[in-house]
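Letters A, B, ... mirror the listed sequences (proteins, then strands); counts begin at 1.
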Amino acid sequence: MGCWIAGRSEGRREISIIPSRHSRVSGNPGRNKPEERLDSRLRGNDIAGFRDDKPATIRCCSSTVLYYRGPFEQPKSIPREEQMADEKALTARAEDFSAWYNEVVVGAELADHSPVRGCMVIRPYGYRMWELVRDELDRKFRETGHQNAYFPLFIPQSFLSREADHIEGFAKEMAIVTHTRLKATGQAGAAALAPDPESRLDEPLIVRPTSETIIYAMFAKWVQSYRDLPLLINQWANVVRWEMRTRLFLRTTEFLWQEGHTAHATSDEAEQEARQMLDVYRSFMEQWMAMAVVTGRKSPSETFPGADHTYSCEAMMQDNRALQAGTSHHLGQNFSRQFDLKFAAESGEEEYAWNTSWGASTRLIGGLVMTHGDDRGLVLPPQLAPIQVVIVPIARKEEERAAVMEKVQQIVRALDGIRTHVDDRDNLTPGAKYYEWESKGVPFRIEVGPKDIAKGQLVLAKRVLAEGEERKRFLPEEEVLSTLPALLNEYQDWLLEQARERRERNSHRGVRDYDHLQEVIEGEGGFIYTGWCGSAACEARVKDDTKATIRVIPDPEFASEVRPSTCVVCGEASAEEVVWARAY
RNA sequence: CGGGACGUGGCGCAGUCCGGUAGCGCACCUGAAUGGGGUUCAGGGGGUCGCCGGUUCAAAUCCGGCCGUCCCGACCA
């Protein structure tokens with residue numbers, strides 16, 4: 001048996017070899033692109049086209065390694081640049097948005113898949129983003145009079161059965177604790193331990209999918225009179241929903257969030273609270289995340305189980321699908337009746353309190369990625385960027401190093417108040433660092449080398465360029481340092497502008513007939529504004545036919561100037577204008 | 001939970017059809033030269049081939065079971 005020789009494809013996608021009768025060729029396609037996969041099937045001893053001494057060509061990707069024996073021409077290696085570009089490039093958004101998303105999230109080291117099914121590990125860079133989200137939301141919650149508290153992870157099963165709609169909405173996706181001990185079984189491997197039957201709990205505990213039940217049970221203990229109201233509580237916590245299909249940040253079995261829970265003396269007050277918190281979410285998403293949202297009320301079928309009504313911020317992702325990014329519920333008296341949350345009103349009458357709850361989760365991080373990311377990777381708005389400016393020192397020779405690093409330290413000091421990072425690793429070339437920090441979404445980069453020091457200048461590079469902008473600008477050091485705060489702000493605003501323009505570009509108003517609705521959803525997608533008679537049947541039909549759902553009944557600010565007069569499905573009189581979209 | 005694909009060094013994958021010394025690229029480590037957009041050369045380390053069992057002189061490869069991942073459905077923030 002002859003030895004196998006590994007060769008690289010010549011040129012980018014083809015290799016020519018002169019095979020013999022005994023040639024055997026197999027491919028190692030670097031990526032699972034369909035056409036390459038096809039070619040990788042060319043193997044075995046009797047490949048078509050590999051006959052005698054006729055030269056033959058195999059198409060393959062640049063990273064394909066061919067194994068063959070027999071006479072052949074030594075292939076030239078591929079130009080390094082092309083090979084790198086091909087191997088390291090992300091899947092383009094236009095090609096496969098889901099694959100792109102996964103590659104960005106994992107590649108930028110935001111999160112990773114864990115050994116636990118459906119659960120993710122949030123890595124330091126991604127967790128820092130969450131901390132920045134959390135810090136600002138927390139500040140806003142305090143500003144609006146809320147206090148943080150912490151309630152248990154476990155909820156007695158009986159609590160959940162008290163609010164019928166609520167439990168029905170969550171019953172299919174819960175983690176249930178039934179035992180308190182493990183016992184050795186004597187078997188091998190995974191079966192070595194099993195729950196000890198003697199430790200079975202009388203009443204199972206549910207790992208919270210959300211905390212309404214336990215929180216309102218506690219509120220009932222704490223509230224006696226109207227003087228105890230309003231009670232305004234928030235908690236930062238993890239929750240578990242046993243999802244069938246998960247995706248990093250967007251839908252995982254366990255996720256982090258905050259859940260606000262409040263009790264009020266009147267329905268109006270609760271309504272105001274629910275609206276206020278929706279506004280908090282909205283302004284946060286716009287001002288900090290630079291995401292464009294549409295706010296509004298949910299249709300009954302999309303309303304939170306146990307709520308009277310639900311408000312939502314719906315953001316549009318770059319694949320034109322909607323992401324529910326924050327919700328706020330007016331719970332009416334549904335929970336207070338179940339948990340006996342009563343208070344003595346001013347009149348002396350005993351009344352049930354009115355509740356709200358509202359939440360936003362680590363899903364926001366996923367929304368951020370899908371809103372701003374591009375084919376180079378992550379794009380972060382400065383407000384949520386763990387690193388706002390990365391500084392890459394360039395020192396060719398050892399003797400230049402001290403001067404460059406000294407200058408870098410000066411820069412860092414001058415940029416006090418901006419989150420900077422100095423990438424002084426000496427095992428990478430500057431170019432490699434540029435690619436890495438761009439893929440991680442860092443808004444600005446400063447390059448400093450001996451030439452710059454000599455000229456009193458710095459090189460400033462921006463992550464995303466507006467029309468006609470140059471990637472690198474060579475500016476006086478003074479100017480860079482003094483204008484960076486303003487540049488960061490401009491960039492933040494510009495990202496929001498871009499997001500808004502994209503939302504408008506992909507919003508379709510005045511859609512009247514059903515065919516048109518279907519056509520848009522099946523085609524480019526986006527937010528589609530139509531009339532709706534209010535019937536669940538019409539809503540369900542659209543979902544069955546197109547997978548699109550009513551995202552919101554838009555708030556006046558987003559409603560169309562001309563209100564639709566008929567239901568897009570049945571043609572009867574329209575009760576509401578609604579926004580349809582396929583959603584995450 | 002149904003339909004499909006797939007599990008081989010950290011990552012991406014050949015090898016499996018037809019059983020016979022476990023490979024390639026990237027990454028990593030060491031040394032030297034490099035360094036302004038993914039450096040180069042030389043050397044080196046790392047894998048119970050998802051798990052359990054069966055067939056066989058011999059299993060990544062064949063057979064059975066299980067587990068897991070991804071895609072498509074049903075469900076959802």
[X] [atom1] - [N] [atom2] separation (whole Å):
X	N	atom1	atom2	result
A:Arg376	B:G38	CZ	C1'	11 Å
A:Glu243	B:C75	CD	C1'	7 Å
A:Tyr584	B:C75	OH	P	19 Å
A:Glu103	B:C71	CD	C1'	15 Å
A:Asp544	B:C75	CG	P	9 Å
A:Tyr435	B:G36	OH	C1'	14 Å
A:Lys547	B:A74	NZ	P	7 Å
A:Met120	B:C70	CE	P	13 Å

Can you confirm whether the side chains of [X] and [Y] place a donor and an acceptor under 3.5 Å from each other?
X	Y	answer
A:Glu539	A:Ser299	yes
A:Gln235	A:Ser211	yes
A:Glu168	A:His166	no
A:Tyr584	A:Asp319	yes
A:Asn238	A:Arg208	yes
A:Asp308	A:Asn334	yes

Below 3.5 Å between N/O atoms, which protein atoms pair up with nucleotides 33-35 of chain B? Just atom names and distances, please.
| from | atom 1 | to | atom 2 | distance (Å) |
| --- | --- | --- | --- | --- |
| B:G35 | N7 | A:Arg396 | O | 2.7 |
| B:G35 | N2 | A:Asp426 | O | 3.0 |

Tell me, with the steps shown, if A:Lys140 and A:Phe284 meet side-chain contact (heavy atoms from CB on, under 4.5 Å). CA-CA 9 Å; A:Lys140 288 180 188 289; A:Phe284 174 75; 4.0 Å; yes
Of A:Gly431 and A:Leu323, whose nearest nucleotide on RNA chain B comes first from the 5' end?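 Its nucleotide being nearer the 5' end, the pick is A:Gly431.
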Position toward the 5' end of RNA chain B (nearest nucleotide), A:Asn102 or A:Glu302: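 The residue whose closest nucleotide sits nearer the 5' end is A:Asn102.
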Complementary nucleotide of [N], counting Watson-Crick and G-U pairs under 3.5 Å:
N	value
B:A60	none
B:C26	B:G10
B:C41	B:G31
B:G19	none
B:G73	B:C1
B:C49	none

Write down the distance separating the [atom1] atoms in [N] and [M], rounded off to the nearest Å.
N	M	atom1	value
B:G19	B:A58	P	15 Å
B:C6	B:U16	C1'	14 Å
B:U8	B:A59	C1'	14 Å
B:A14	B:C57	P	32 Å
B:U61	B:U69	P	23 Å
B:A60	B:C17	C1'	14 Å
B:U48	B:G64	P	27 Å
B:G50	B:U40	P	33 Å

Which one, B:U39, B:G36, B:G37, comes nearest to the side chain of A:Asp452? B:G36
From B:G73, B:G36, B:C70, pick the nucleotide closest to the side chain of A:His113?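 Among B:G73, B:G36, B:C70, the one nearest the side chain of A:His113 is B:C70.
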Over all strands shown, is [X] touching base, sugar-phosphate only, or nothing at heavy-atom distances under 4.0 angstrom?
X	value
A:Glu400	nothing
A:Thr362	nothing
A:Lys298	nothing
A:Glu447	base
A:Val459	base
A:Arg445	base

Should the pair A:Trp236 and A:Trp130 be assigned to parallel (<30°), tilted (30 to 60°) or perpendicular (>60°) ring geometry?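 The rings of A:Trp236 and A:Trp130 stand perpendicular, inter-plane angle above 60°.
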Please lay out, stage by stage, how A:Trp437 and A:His421 fare under the test ring-ring contact (aromatic ring centres under 6.0 Å, His included). CA-CA 10 Å; A:Trp437 293 114; A:His421 173 75; 5.2 Å; yes
Name all residues meeting the salt bridge (Lys or Arg N to Asp or Glu O under 4.0 Å) criterion together with A:Arg541; count only those two or more places apart in sequence or in a different chain, and write none if there are none. A:Asp545
